[in-house]
Amino acid sequence: MPQTLVSLEATAKVSSPCEQFTQAFRWMLFGRLLDEKFATLYRGGKIHGGVFLGRGQEAVSVSVGMSLRKGDVFAPLIRDLSGRLAFGEPILDAVRTYFGSSLGPMRGRDGNVHRGRPKEGLVPMISHLGAMIPVVNGMLMARRFQKREGVGATCIGEGGTSTGAFHEALNQAAVEKLPLILVVANNQYAYSTPSSRQFACDDLIDKAIGYGVDGHAVDGTDLTACLKVIGGAVENARNGAGPQLIIAKLLRLCGHGEHDDAHYIDPKLKKSTLGRDCLKVAEEQLVKQNWADSDLIDRWRDEFHQKIEEAVALVQREPGPDPFKENWQAISSTHLVEMHNGI
Amino acid sequence: MSITYLEAIREAQAKALADDPRVFIYGQDVGSFGGAFKATKNLAQEFPGRVIDAPISEDAMIGSAVGAAIEGMRPIIEIQFADFSTVGLNQIINNAASLFWRTNVSCPITIRLPSGGTSGSGPFHSQNMEALYAHYPGLIVMTPGTVEDAYSMLLEAVAIDDPVIFCEHKYLYYHLKAEKLPSEAMPVGKARIARPGRDLTIVTYSAMLHEALAVAEELATEGTEIEVVDLRSVKPLDTDTVIASVARTGKLLCVGETFPFGGVTAEVIARVATEAFDLLDVAPQRLNAKDTPVPFHPNLWAAHRPTARSIMSAVRNLLQN
């Protein structure tokens with residue numbers, strides 16, 4: 001298992017708008033294709049547990065991942081494969097965790113979207129929404145004690161804004177003036193619940209003022225806008241402006257998970273600008289700007305397909321966890337492990 | 001000169017802060033005010049920037065402790081009353097307790113829970129949470145019953161690389177005194193024979209230790225020798241010391257201050273019954289609080305939890321068998 005977040009592309013310095021947009025598009029495309037592979041494997045019964053896709057949220061996610069640097073903190077949520085890749089998560093971490101490979105970072109003890117490398121700033125989510133926000137806060141508080149730099153970003157959906165954890169943590173970050181970037185993808189549905197049953201304010205961005213933090217609204221289907229707004233918010237946090245709340249509006253272009261046919265999604269929303277596919281929008285813009293043509297984009301697609309197939313082929317040959325070799329030890333202090341474990 | 005249980009907790013935190021730059025304290029009113037019980041008195045002044053007032057947000061407090069621990073800090077979280085830790089329950093049992101298992105990254109946090117009943121405190125300022133937290137894998141649960149243990153075990157809690165739930169008993173804060181702080185300590189995870197005896201074993205911990213010792217003292221005047229085992233930590237639970245005591249006495253009474261269902265007394269009796277049934281002369285017994293919320297009025301409160309009197313009664317019943 002590689003011991004670091006390895007992607008060279010992810011840490012490469014991008015400067016010009018063309019380079020930045022092109023790089024972002026490539027991560028979006030890579031994330032979309034890898035997501036689709038996971039969905040296919042799920043339908044083929046090859047994956048244990050659920051598969052949750054980032055379809056329609058790639059522009060937001062990638063903008064978070066690309067705006068962060070090595071040494072920053074990123075706590076992604078379930079629809080952030082593109083952002084993870086852009087932040088530097090090796091594709092093998094993703095594939096190994098979906099397959100439960102014992103060589104992956106979670107070693108079969110946790111799976112699928114619940115993966116990360118906490119010591120390298122990539123924090124593995126638990127399922128309870130809002131719960132990762134204070135963890136990022138604490139990582140930033142630690143850095144302040146240690147006089148280390150860096151910002152922390154985490155993602156959530158509009159449904160997660162209804163949790164007590166979200167409220168407590170955003171308030172905590174504001175009180176402590178932490179460099180937290182809290183990105184809310186308002187994808188209109190929390191599982192099947194429409195946002196009208198989730199909150200009553202006109203717009204989630206209105207919450208920023210209540211918490212005393214900067215708020216930024218962005219069209220989550222527009223990669224250019226996402227890179228600018230999210231990147232700007234990250235820079236604000238880096239420059240000492242305190243917590244940044246971003247509300248990105250978009251539509252989830254899939255079910256909650258691959259078990260869900262999403263029949264409840266309002267067709268009118270699908271036809272609205274919210275329902276645009278951010279990947280298509282970005283591709284059109286790429287071509288329009290003459291930054292890439294369809295041949296080049298096809299070559300990228302082939303390149304990513306090949307990487308994905310190679311990773312899947314490799315991981316499918318790797319061993320799963322062995323219950324007889326598992327130490328079944330939940331604490332690190334070996335001398336304090338109960339001898340009565342398992343009675 | 002003497003030092004109280006509460007002062008020992010304050011001194012342990014002062015030492016932890018002085019000895020280890022990774023330690024900080026975070027909790028409601030812990031800063032210049034010195035804490036609701038004064039367990040952090042003057043620490044904010046002595047250690048500027050390292051004893052921090054938190055908003056009333058137990059979930060965020062504990063979640064941020066997990067994050068700080070990931071980054072190499074050793075936070076001590078003071079929950080104002082143990083009862084309020086349920087607001088942060090999710091962070092304790094799902095984030096803190098699962099982190100090492102899931103990621104191989106340890107989570108050295110100490111969560112101090114001012115626990116247990118004092119007269120008039122009512123249902124929401126009197127609870128004991130040790131059974132709840134001991135249920136979840138990934139946590140260490142300490143229940144010191146002496147001034148010396150309050151001091152040395154809190155230092156140990158900070159040093160341990162895992163999340164520690166430190167149940168400090170409010171009733172003992174001012175009542176319990178020692179001549180001086182200990183210079184050496186028993187290892188965490190080992191129970192202590194608080195009083196040796198040959199006729200019956202009482203297994204207990206925290207404030208109930210002193211009720212049990214009072215009973216043993218009284219019965220000694222009648223020539224009955226009660227052995228009192230202080231568990232010190234309920235997770236890990238030192239089954240060996242318990243069983244060794246039962247081997248000597250053949251009779252077991254387990255006393256806990258909190259509710260009867262599940263819990264520490266049930267666990268102890270289950271272990272003795274499954275692993276050392278042949279050592280028992282009579283059926284083991286347990287004594288707990290009643291299965292209701294903790295009552296407010298002193299008349300009800302005194303009858304709700306075990307006392308020296310009710311322990312005495314249980315002991316006599318067992319001895320008659």
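To find a chain, count down the sequence lines: A is the first, B the second, and so on, and within it residues start at 1. Quantities reported herein were computed from a predicted structural model and do not represent experimental measurements.
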Identify which of [options] forms the greatest number of heavy-atom pairs closer than 4.5 Å to chain B.
options                                : value
A/Ser127, A/Ser333, A/Ala173, A/Ser332 : A/Ser332
A/Val136, A/Asp110, A/Leu336           : A/Leu336
A/Ala169, A/Pro118, A/Gly108           : A/Pro118
A/Val73, A/Leu140, A/Ile126            : A/Ile126

Examine whether an atom of [X] lies under 4.5 Å from a heavy atom of chain A, and if so say whether it belongs to the side chain, the backbone or both; otherwise answer neither.
X        : answer
B/Val105 : side chain
B/Ile70  : both
B/Leu139 : backbone
B/Arg22  : neither

Around atom CZ of B/Phe124, are there more than 12 heavy atoms from other residues, nucleotides or ligands closer than 6.0 Å?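 Counting neighbours around CZ of B/Phe124, 12 or fewer heavy atoms of other residues, nucleotides or ligands fall under 6.0 Å, so no.
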Around A/Lys177, counting heavy atoms of other residues, nucleotides and ligands shown, do more than 12 lie under 6.0 Å from its NZ?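 For A/Lys177, atom NZ is not crowded (no more than 12 foreign heavy atoms under 6.0 Å).
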Any residue meeting ring pair (Phe, Tyr, Trp, His ring centres under 6.0 Å) with A/His114, in chain and number order, not counting sequence neighbours: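 Here no residue qualifies.
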Would [X] and [Y] pass as an ion pair if we require N to O under 4.0 Å?
X        : Y        : result
A/Arg109 : A/Glu326 : yes
A/Asp93  : A/Arg84  : no
B/Arg271 : A/Glu338 : yes
B/Asp161 : B/Arg74  : yes

A side-chain contact here means heavy atoms from C-beta on lying under 4.5 Å apart; do B/Glu267 and B/Val234 qualify?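 B/Glu267 vs B/Val234: side chains apart.
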Chain B contact residues among residues 142-156 of chain A, heavy-atom distance under 4.5 Å: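 Counting heavy atoms that sit under 4.5 Å from chain B, the residues of residues 142-156 of chain A involved are A/Ala142, A/Arg143, A/Phe145, A/Gln146, A/Arg148.
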Residue selection (most heavy-atom pairs with chain A, distance under 4.5 Å) from B/Asn104, B/Val66, B/Asp238: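 Most heavy-atom pairs within the cutoff with chain A belong to B/Asn104.
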Please rank B/Ala69, B/Pro236, B/Pro55 by heavy-atom pairs under 4.5 Å with chain A and give me the top one.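 Answer, by heavy-atom pair count under 4.5 Å with chain A: B/Pro236.
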Which atom names give the shortest non-hydrogen contact between B/Pro187 and B/Arg232, and what distance separates them?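 Closest pair (atom of B/Pro187, atom of B/Arg232, distance): O-NH1, 3.0 Å.
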Shortest non-hydrogen contact between A/Ala330 and B/Pro137, atoms and distance: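 In terms of heavy atoms, the two residues are closest at CB-CB, 3.9 Å.
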Parallel, tilted or perpendicular: ring planes of A/Trp328 versus B/Trp101, cut at 30 and 60 degrees: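 Judged by the thresholds at 30° and 60°, the geometry between A/Trp328 and B/Trp101 is parallel.
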